[in-house]
Amino acid sequence: MKTIVIGGGPAGMMASCVRCEFSKVLLFEKNKELGKKLLLTGHGRCNVTNDCDTASFIKKVNSNGRFLTSSLNQFNSQDFISFLHDMKVDTTLEDNHRVFPASQKAETILNAFKQKLSEKNIELHLNEEVLSLIIEDSVCKGIRTKDTVYYADCIILCTGGMSYPSTESNGSGYELAKQAHHTIVECKPALCALNISQNWVKECMGITVKNVELKQNKLKVKGDLLFTHFGISGPMILNYSSQILRGSIHLDFLPQYTFEQLDELFRNEWNHTKQIQNAMTDLPLKVWSKFLEQCSIPKTVQACQISKNQRRKLVEACKNQIVTVTGPRSFNEAMVTKGGILTKEINPKTMESRICKNLKFAGEIIDVDAQSGGYNLQIAWTTGYAAGKL
């Protein structure tokens, strides 16, 4: 039996390591080295997984979490940690169940996989791009590269998405999947910051506000918000960027107060001899100053001098600030891809195509994306494992 794995990233390396127990494996990577994107994860520290239970894990998946249930039952984060330990890679557990190599270096993970691939006699084809699939009567029988044709009993497509295009992650795998008549859900940047049209937001660049509540349609989330020169970022924005649509979002900068409580605070609890610009200590001065400008209130006026109408406008500015999302940042800044091969066309237990026999998928090429914290890499390990099994 012969298997061809296309893509030398996390999913492809895992699929190769598993598959080689049953089959001769040829691993194709269009770059000169394996794992180019892996080296960038976690700012080079490599947040390899998240050590939480399966139910908690699936809650962190933004798109098609249920699709992963079967594969996670086969190979979850605890299984992957054991897999690393078997390769003599020590790990360390940090906040929010995030797992890192003890070395704090992504190279440790990559080198361990390279060694395992070598020990298992995986046939590496580096710097050799797969240009097309060989498909006959809805059966995938092989691949074509620039100069050669290769035939195999199983093809596993693990080419990644479109994030980090500097690593040659350009969505070429989607074109291969289309050759097998698979549906590609529109790809968008995920785990990325958002562009905002309002200038006041950009003028607050570099400022972080904690515990901001964001609402758009049915989405309601809370977390820290970072102002940037183009819009907004921060953990909350990154984690939910794939769910936030273009258009208006509502920001509550003081969710710990109701409208009535905040109005009462403004009316009774301030030191009325203070200038209004110094009266609010729950918000950064720059942000508070922008709200005063929006309400046409001079910064130097005493707090006791503002009118009832001005006070209510301030409450509204703090509790229901509406800004306009013009779109996410580009794939150059996105950590993962939202979209990809339609999950309904993939067997969730084996990762095998329901359309084309002998073709499997793993990793970011599938329409599954999750929040930050090691979840996306675990999806690659999990789906790679499932695809590698017979």
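No experiment lies behind these values; they were computed from the predicted model shown. Residue indices begin at 1 and follow the sequence shown.
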Report summary line: dist Phe253:CZ -> Leu251:CG (nearest 0.5 Å) comes out at 5.0 Å

**Report entry** Six-ring centre of Phe266, Arg311 cation under 6.0 angstrom, axis tolerance 45°
**Finding:** no

Report task. For Glu107 and Asn111, test the side chains for any donor-to-acceptor distance below 3.5 angstrom and give the result as yes or no. Result -> no

Report task. Treating Ile, Leu, Val, Met, Phe, Trp and Tyr as nodes and any side-chain heavy-atom pair under 4.5 angstrom as an edge, say whether Ile156 and Leu68 lie in one connected cluster. Result -> no

Report summary line: side-chain hydrogen bond (donor to acceptor under 3.5 Å, both in side chains) pairs touching residues 129-141, sequence neighbours excluded, are Glu136-Lys141

Query raised in the report: Side chains of Leu110 and Met13: does their closest heavy-atom pair fall under 4.5 Å?
Result: yes

Query raised in the report: Can Lys338 and Glu186 be counted as an ion pair, charged N to O under 4.0 angstrom?
Result: no

Query - Flag side-chain contact, heavy atom, 4.5 Å: Gln256 against Asn211 - result: yes

Query - Tyr240 side chain to Asn62 side chain, donor-acceptor N/O pair below 3.5 angstrom - result: no

Query raised in the report: With a 4.5 Å heavy-atom cut-off, do Ile207 and Val287 have their side chains touching?
Result: yes

Report task. Report the C-alpha distance between Arg45 and Glu94 in whole Å, list the side-chain angles of each, state the deciding distance to 0.1 Å, and finish with yes or no for side chain to side chain contact (heavy atoms under 4.5 Å, CB included). Result -> CA-CA 12 Å; Arg45 294 176 61 219; Glu94 298 191 7; 2.5 Å; yes

Requested in this report: Using a cut-off of 6.0 Å, state whether more than 12 heavy atoms not belonging to Lys202 lie near its atom NZ.
Outcome: yes

Query - CE (Met205) with more than 12 external heavy atoms under 6.0 Å - result: no

Query raised in the report: If you measure only the distance, is there a donor-acceptor pair under 3.5 Å linking the side chains of Gln277 and Ser289?
Result: no

Query raised in the report: Can you name the closest pair of heavy atoms from Phe57 and Tyr375 and give their distance?
Result: CZ-O, 3.4 Å

Report summary line: Looking only at heavy atoms, the pair that brings Gly339 and Cys187 closest together is C-SG, 4.1 Å

Query raised in the report: Does the separation of the ring centres of Phe227 and Trp200 fall below 6.0 angstrom?
Result: yes

Which atom pairs, one a donor and one an acceptor, fall under 3.5 Å between side chains of residues 76-83 and the rest of the protein, sequence neighbours left out?
{"residue": "Asn76", "atom": "OD1", "partner": "Gln78", "partner atom": "N", "Å": "3.1"}
{"residue": "Asn76", "atom": "OD1", "partner": "Asp79", "partner atom": "N", "Å": "2.9"}
{"residue": "Asn76", "atom": "ND2", "partner": "Gln78", "partner atom": "OE1", "Å": "3.4"}
{"residue": "Ser77", "atom": "OG", "partner": "Asn50", "partner atom": "O", "Å": "3.0"}
{"residue": "Gln78", "atom": "NE2", "partner": "Asp51", "partner atom": "OD1", "Å": "2.6"}
{"residue": "Gln78", "atom": "NE2", "partner": "Cys52", "partner atom": "O", "Å": "3.4"}
{"residue": "Asp79", "atom": "OD2", "partner": "Asn76", "partner atom": "N", "Å": "2.9"}
{"residue": "Ser82", "atom": "OG", "partner": "Gln78", "partner atom": "O", "Å": "3.2"}

Report task. Quick one: do Phe75 and Gln378 satisfy side chain to side chain contact (heavy atoms under 4.5 Å, CB included)? Show the steps, please. Result -> CA-CA 9 Å; Phe75 192 78; Gln378 182 59 46; 4.2 Å; yes

Report task. Just do the side chain to side chain contact (heavy atoms under 4.5 Å, CB included) check on Ile4 and Val130 with the steps written out, would you? Result -> CA-CA 11 Å; Ile4 289 174; Val130 175; 5.7 Å; no

Query raised in the report: With hydrophobic residues grouped by side-chain heavy-atom distances under 4.5 Å, do Val325 and Met236 end up in a single group?
Result: yes

Requested in this report: List the atom of Thr167, the atom of Asn31, and the distance in Å for their closest heavy-atom pair.
Outcome: O-ND2, 3.0 Å

Report summary line: d(Asp224 CG, Lys210 NZ) to nearest 0.5 Å is 4.5 Å

Query raised in the report: Does Glu21 come within less than 4.0 Å of Lys120, counting only side-chain N to carboxylate O?
Result: yes

Requested in this report: Please test His125 against Tyr150 for ring-ring contact (aromatic ring centres under 6.0 Å, His included), starting from the C-alpha separation and ending with a verdict.
Outcome: CA-CA 11 Å; His125 291 255; Tyr150 300 87; 5.2 Å; yes

**Report entry** Single-linkage hydrophobic cluster, 4.5 Å side-chain cutoff, Phe67 and Val61 together
**Finding:** yes

**Report entry** Heavy-atom check, side chain of Ile58 versus side chain of Thr54, under 4.5 Å
**Finding:** yes

Query raised in the report: So how far is it from Ile346 CD1 to Thr343 OG1, rounded to the nearest 0.5 Å?
Result: 7.0 Å

Query raised in the report: Can you list the steps and then say if Leu238 with Ser233 is a side chain to side chain contact (heavy atoms under 4.5 Å, CB included)?
Result: CA-CA 6 Å; Leu238 297 178; Ser233 186; 4.0 Å; yes

Requested in this report: Decide whether Ile155 and Val149 are clustered together by the hydrophobic rule: side chain heavy atoms of Ile, Leu, Val, Met, Phe, Trp, Tyr closer than 4.5 Å, transitively.
Outcome: no

Query raised in the report: Does a sphere of radius 6.0 Å around NZ in Lys105 hold more than 12 heavy atoms from other residues, nucleotides or ligands, not counting ones at 6.0 Å or beyond?
Result: no

Report task. May I ask you to decide whether Lys215 forms a salt bridge with Asp252, counting only side-chain N to carboxylate O separations under 4.0 Å? Result -> no

Query raised in the report: Can a salt bridge be assigned to the pair Lys114 and Glu33 using a cut-off of 4.0 Å between side-chain N and carboxylate O?
Result: yes

Query - Side-chain heavy atoms of Ser353 within contact of Phe361, under 4.5 Å - result: yes

Requested in this report: Look at Lys30 together with Glu128 and state whether they make a salt bridge at an N to O cut-off of under 4.0 Å.
Outcome: no

Query raised in the report: Quick check: does any side chain N or O of Ser23 sit under 3.5 Å from a backbone N or O of Arg19, one acting as donor and the other as acceptor?
Result: no

Query raised in the report: Ser166: what forms a side-chain contact (heavy atoms from CB on, under 4.5 Å) with it, not counting sequence neighbours?
Result: none

**Report entry** Nearest non-hydrogen partners of Pro10 and Leu377, listed with the distance
**Finding:** CG-CD2, 3.6 Å

Query - Point-to-point distance, once rounded to the nearest 0.5 Å, from SG of Cys46 to CD1 of Ile109 - result: 5.0 Å

Report task. Check for a donor-acceptor pair, side chain of Lys37 on one end and backbone N or O of Ser163 on the other, with a separation under 3.5 Å. Result -> yes

Query raised in the report: Do you know the tightest heavy-atom contact between Ser241 and Leu191?
Result: OG-N, 3.1 Å

Query raised in the report: What distance do Glu119 atom CD and Lys116 atom NZ have between them, rounded to the nearest 0.5 Å?
Result: 7.0 Å

Query raised in the report: Less than 4.5 Å apart, any side-chain heavy atom of Leu214 and any of Lys220?
Result: no

Query raised in the report: Do Val209 and Leu226 come close enough that some side-chain heavy atom pair is under 4.5 Å?
Result: no

Report task. Using distance alone, with no hydrogens and no angle criterion, decide if Gln216 and Gln243 have a side-chain donor and acceptor under 3.5 Å apart. Result -> no

Query raised in the report: Using 4.0 Å as the upper bound for N to carboxylate O, is an ion pair formed by Lys290 and Glu293?
Result: yes

Requested in this report: Would you verify whether the NZ or CZ of Arg329 falls within 45 degrees of the ring axis of Phe230 while also being under 6.0 Å from that six-membered ring's centre?
Outcome: yes

Query raised in the report: Looking only at side chains, do Ser56 and Asp53 share a donor and an acceptor under 3.5 Å apart?
Result: yes

Query - Enclosure of Gln115 CD (heavy-atom neighbours >12, cutoff 6.0 Å) - result: no

Query - Residue pair Leu265 / Tyr257, side-chain heavy-atom distance below 4.5 Å - result: yes

Query - Enclosure of His250 NE2 (heavy-atom neighbours >12, cutoff 6.0 Å) - result: yes

Query raised in the report: Of all heavy-atom pairs between Ile322 and Gln198, which one has the smallest distance, and what is that distance?
Result: O-NE2, 4.1 Å

Query raised in the report: Shared ILVMFWY cluster between Tyr174 and Leu176, side chains joined below 4.5 angstrom?
Result: yes

Report summary line: In this structure, OH of Tyr164 is separated from NZ of Lys36 (nearest 0.5 Å) by 13.5 Å

